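First the proteins, then the strands, lettered A, B, ... as listed; each starts at 1. Every value quoted in this text rests on a predicted model; they were computed, and no experiment measured them.
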Amino acid sequence: MAFGKGHHLSLVDGSAFIFRAYHALPPLTRKSDGLPVGAVSGFVNMIWKMIEDNRGPDAPTHAAVVFDKGSHTFRNEMYDLYKANREAMPEDLRPQIPLTREATRAFNLACLEQEGFEADDIIATLACKARDAGGRVTIVSSDKDLMQLVGDGVEMYDAMKNARIDREGVLEKFGVYPERVVDVQALAGDSVDNVPGAPGIGIKTAALLINEYGDLETLLERAEEIKQPKRRQVLIDHADQIRLSKKLVSLDCEMDLGYDLDTLEVKEPVADDLLAFLGQMEFRTITRRVAEKLGVEVPAVAETQPAASGGLPDDSADASLPGAPDLPFDAKNYTCVTTAAELQAWIDKAHATGWISVDTETTSLDEMKAELVGISLAVEAGHAAYVPLAHREEGGVGLFGSDELAPNQMPLPECLARLKPLLEDPAVLKINHNAKYDVKVLARYGIRMAPIDDTMLMSYALHAGLHNHGMDEVSERYLGHNPIAIKTLIGSGKAQRTFDAVKIDDAVTYASEDADVTLRLWQTFRPQLHVARVATVYETLERPLVAVLTDMEMAGVKVDKSVLSRMSNAFAQKMAQLEDEIYEAAGQKFNVGSPSQVGDILFEVKGLPGGKKGKTGKYSTPADVLEDLATEHALPGLILDYRQVQKLKSTYTDALQDHVNAETGRVHTSYSIAGANTGRLASTDPNLQNIPIRTEEGRRIREAFVATPGHTLVSLDYSQIELRILAHTADIPALKEAFREGQDIHAATASEMFSVPLDEMTPDIRRQAKAINFGVIYGISGWGLARNLRIPRDEAQAFIDRYFERFPGIRTYMDDTIAFAREHMHVRTLFGRRINTPEINAKGPTAGFARRAAINAPIQGTAADIIRRAMIRMPDAIDGLPAKMLLQVHDELLFEVEEGAADDLIAIAKRVMEGAAHPAVRLDVPLIVDAGRGANWALAH
DNA sequence: GTACTCACG
DNA sequence: GACGTACGTGAGTACG
C-alpha cells in the first residue's frame with residue numbers, strides 16, 4: 001500500500017546524531033587495532049534505543065537515517081562562505097563516518113545521502129512528501145534549521161531531552177510560527193553556519209519585526225517606516241544580504257530523490273547482519289543486548305589478539321593489523337565461464353554480496369587501443385572465474401597465431417550485455433587494481449563502470465614512499481604470494497605476443513588469480529585505511545580521481561601534426577649545421593649525442609678544466625658544467641645548442657607525432673595516480689607535463705597543441721602555490737603578509753633579507769632571494785644554493801643563515817618536520833595524505849636525501865592535494881558549459897571550450913581552484929589563479 | 001637494463 | 001673533518 005494516511009515516517013538526522021555521540025562520549029578505540037569507534041558506539045546505542053522506545057501502536061511504519069554528504073552543497077554556489085567557518089572534522093572522527101553508514105544498514109534502516117545537498121534538504125523533501133500524502137512525520141533532531149518544517153502532522157523529537165517539538169514549541173524558540181521561521185533566521189543570521197543575516201539583529205528583534213510587518217518581503221519593502229534609525233539603515237543597507245540569507249536557510253522541499261516513500265518501510269533488523277557488524281566493531285555490551293532482544297544466542301565477541309601479519313609503521317609504536325584470511329592460492333578453484341548461465345551465477349553472487357572484483361585482459365597497455373580479450377571476476381577470496389571472449393585459435397600462421405577465434409567462448413556482445421547492468425549498478429562495488437585502466441577499456445565498449453574501489457590507490461594511500469603499487473609487488477608484500485608473471489604467457493621484447501594469443505587454459509589461471517589477488521588485497525587494505533588514518537585521503541583525493549582522469553584522458557588534446565613536422569625539419573637542418581661547426585671546433589668527427597665521447601673531446605682532446613668522472617669512469621658533461629666552460633670556449637656552447645635541438649626534435653616534434661591517435665586525431669596521455677610519492681600525478685605515453693616552455697625555441701612546441709575550430713584553449717595556473725603553502729604551514733608572518741598584500745614574493749623576501757626597500761630592488765638581488773625561496777622548499781643546503789647561484793659556498797651559507805634569522809619559523813618547520821618523520825616514519829600533507837619516510841633514520845648521505853625529501857613532501861604534497869580537489873569538483877562545476885578539462889601540469893589545468901563560453905569557464909574554474917582547499921583546510925594566505933586563453937597552448941599561457 | 005642528460009613543476 | 005646533496009617526475013640516446 002502506498003504511503004498515506006495512517007502511516008508514520010520517522011526521519012533521523014544522522015549527522016547530528018554522530019556529532020552528539022562524538023562529543024558526549026570519551027574517546028573509545030577498537031581493542032584489536034586501535035580504530036577509533038567512540039562515535040560509532042554512541043550512534044549505535046542511540047539508534048538501538050530509538051528502535052526499542054518506538055515499539056507499540058505509535059511506532060513508525062517508515063523510517064530513514066539521513067546524512068550530509070560532502071561539504072560542498074548548492075548553498076556554496078550561492079554563497080562562498082556558507083559554513084566556511086566550520087572547524088575541520090576531528091581526525092579521530094573522520095574514519096567513523098563511513099562506519100555509521102554501515103551501522104545504519106546493519107540495523108536494516110534506509111541510509112540516505114545525496115551529493116550537493118545537506119541532510120536537512122533530504123529530510124525536508126521527504127517530510128513534505130509524507131505530509132502531502134496525509135501521513136505523520138517525526139523528525140528526530142533538535143536542529144533549529146529543521147523547525148521551519150513543523151506543523152500539519154510534522155513534529156520534531158529531541159532524542160537527548162526526550163521532548164517533542166510542535167508548532168507551539170517553535171513559537172517558543174523563534175517567536176514566530178514555523179512558516180515565518182526562515183524570515184526570522186534570514187534577519188538574525190547564524191554564526192554557526194556563517195549565514196550573515198542583518199548585522200546587529202538577533203532572533204528577538206527579528207521576530208518582533210516580522211510579527212509587526214507580517215513577513216520578510218513586506219518588512220524590506222517598508223523598511224523606510226521603521227522608527228529606530230539604526231535598525232532602519234541596517235535593513236536598507238543589507239537587503240540583498242538578508243534575501244541571500246533567507247535562501248541559505250530555506251530548505252529544499254523539492255529535491256529529485258530518485259526513490260519514493262514506500263521504499264522506506266520499516267524492516268526488522270536481520271540478526272546475522274547486525275550482530276556481524278557489532279562483532280566487527282567489538283561492542284560487547286550492545287551485542288549482548290541486541291542478541292537477547294532478537295532471541296539469538298549471544299555470539300562471542302572475539303578477544304582479538306593483534307594480528308601478527310600486515311605490519312604497518314604507524315603513529316602508535318606497535319600498531320598491527322588484522323589481515324585478510326590466510327587462505328592458500330589454488331588454481332583448482334579458478335573456473336572458465338563459457339555460458340550465459342555460468343556467468344549469471346557470478347552476477348547473482350555479486351548482487352548478493354554487493355561487491356565483485358573485476359579485471360580485464362586486453363591486447364594492449366594503451367587503453368585507447370586495447371581490445372578486450374577476456375574478463376575475470378571474484379566475489380570471495382580463493383575463488384575466481386575467467387570469461388574468455390576473444391582468444392584466437394592456436395597454431396595459426398607464424399608467431400602471430402590465427403585470425404580465427406578459439407572455440408568455447410561466449411560471444412563478446414552477449415557477455416557485455418549481461419555484465420553491463422552489474423558493472424553499472426550503483427549498489428554493487430567493483431573492485432579493481434588500477435581501476436582507471438579497466439574503466440577506460442570498458443568505456444570504449446559502452447560500459448561506464450561505477451562505483452569502483454581501487455586496491456592500487458589503497459596501497460598508495462597507505463604505503464606511498466615505501467614501494468611501487470603494481471599488483472605483483474603489492475601481492476608479494478601483503479599477501480605473501482607471487483602472482484604468475486605476464487611475461488611467462490606473452491613473453492617479452494621483440495617476441496612478445498598479445499594476450500589473445502594465450503591459450504585459454506593458461507589465461508584462466510592467470511586472469512582468475514589477478515581477480516582473486518585484487519579481492520584479497522581489498523579485504524586486507526580496507527580496515528588498514530582507517531588505522532593509518534588515510535581513509536579520507538583515499539575517499540576524497542584518490543578514488544574520485546579515477547572518473548575525472550578517465551574523461552580527461554579519453555578527451556585528449558588536439559595536436560597539429562603538420563606544425564610538428566615542419567619544426568622537425570627545421571631542427572634537422574639546424575642539427576646538421578651545428579654538427580659541422582662542432583667538428584670544426586673540435587678538430588675531429590665524433591658522436592655528439594654520446595656524452596662519453598663529448599667528455600673525452602672536451603677534457604682529454606681539448607684539455608678543458610673541470611672534468612669530473614661519474615661512477616662508470618666516464619666524464620660527466622651536464623649542462624651547467626658546459627655552460628661554465630662556454631664563457632671561455634666555443635665548443636661547449638655549440639654542444640649545448642646541439643643538445644637542445646636534439647632534445648626538442650627527438651622527444652617532442654618527432655615522438656609526439658607518433659602519439660597522435662589515428663581515430664581521434666588527438667593525443668591521449670595517461671596519468672598515473674599512484675606514481676609520484678608526494679601525491680602529484682605523473683603523465684606518460686606521452687608525458688605532457690614536460691612540454692617545453694622555458695626557452696623561446698622550445699616554447700613554440702606548444703603552438704602545435706591547438707583547440708578545435710570554434711573553440712579556444714584556456715589555461716589556469718596557481719601562482720606560487722608551494723611558497724604560499726610554506727608560508728601557511730611554517731607560519732611565517734612576513735611571508736603571509738606579503739601574499740595577502742599581493743606583493744612580489746621574491747622581492748619581498750629580498751627586501752626583508754637584505755634590508756633593501758622594495759622600490760630600490762634590483763633584479764639580481766631578487767634573483768638570489770628567489771633561489772633561496774625555492775631552496776627552502778627543497779630542503780636547502782649551502783652547497784645546493786652555492787651551485788645554483790654559482791657563488792662560493794660560504795657566501796651561500798651566509799644567505800641561508802640570514803634567511804633563517806629573518807624567518808625563524810622556517811627553521812622550526814624544518815626541524816619539527818624531521819623530528820615528526822623520525823618518530824612516525826612518515827610525514828603528512830595538510831589534508832592528511834601520508835608520505836612514508838623509511839630512510840629518515842638512515843646514516844650517511846642517504847640521510848640527507850631523506851631529510852630533504854621529508855621537508856619537501858608536505859609542501860609539494862599539499863599543493864598536489866589542492867589541485868586534486870579542484871579537479872574532482874570541476875566536472876560538476878562546469879557541467880552545462882561547452883568545456884572540457886584536458887590536462888593537468890601540477891599547478892595548471894588546461895581546458896578546451898567553445899569560444900563564446902571562455903569567460904564563463906574562466907570565472908567558474910578560477911573560483912573552484914582558488915577555493916579548493918576549503919572547507920577542509922583554511923589557509924592563512926589566499927590562493928591566486930592566473931588565467932590565459934588562445935588558439936594554442938603557447939598563446940593560452 | 002643502466003647511466004646520462006634534459007624537459008617540466 | 002670529509003663526504004656529497006638542492007624536491008618531484010618521464011623519455012630518448014648511448015652503450016655494455
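For the OP1/OP2 pair of B/dC4 and a distance below 4.0 Å, the side-chain nitrogens and oxygens of A/Thr621 include no atom meeting the criterion. For B/dT5, the OP1/OP2 oxygens have a side-chain nitrogen or oxygen of A/Ser620 closer than 4.0 Å. Phosphate proximity of B/dG9 to A/Arg694: present, with a side-chain N or O under 4.0 Å from OP1 or OP2.
Rounded to whole angstrom, the span from the NZ atom of A/Lys613 across to the P atom of B/dC4 amounts to 13 Å. Separating the NZ atom of A/Lys647 from the P atom of B/dC4 is a distance of 16 Å, rounded to the nearest angstrom. Atom-to-atom, CG of A/Asp891 to P of B/dC8 comes out at 13 Å; the value is rounded to the nearest Å. Nucleotide B/dA7 holds its P atom 17 Å from the CD atom of A/Gln689, rounded to whole Å. Here the C1' atom of nucleotide B/dC8 and the CD atom of A/Gln644 are 14 Å apart, to the nearest Å. Here B/dT2 presents its P atom at 18 Å from NZ of A/Lys618, a figure rounded to the nearest Å. In this structure, the CG atom of A/Asn690 is 4 Å from the C1' atom of B/dA7, given to the nearest Å.
Between A/Phe754 and A/Phe799, the angle of the ring planes goes over 60°, which puts this pair in the perpendicular group of the 30/60° scheme. A/His746 and A/Phe774 have tilted rings, their planes meeting at an angle from 30° to 60° on a 0 to 90° scale.
Using a 4.0 Å cut-off between a side-chain N of Lys or Arg and a carboxylate O of Asp or Glu, A/Asp865 and A/Arg868 do not qualify as a salt bridge.
Bracketed by its first and final contacts, the part of DNA chain C lying under 4.0 Å from non-hydrogen atoms of chain A reaches from C/dG4 to C/dC15 in 5' to 3' order.
Less than 4.0 Å separates DNA chain C from no heavy atom of any residue of residues 865-874 of chain A.
At least one test fails for A/Arg806 against the ring of A/Tyr803: distance under 6.0 Å to the centre or angle within 45° of the axis.
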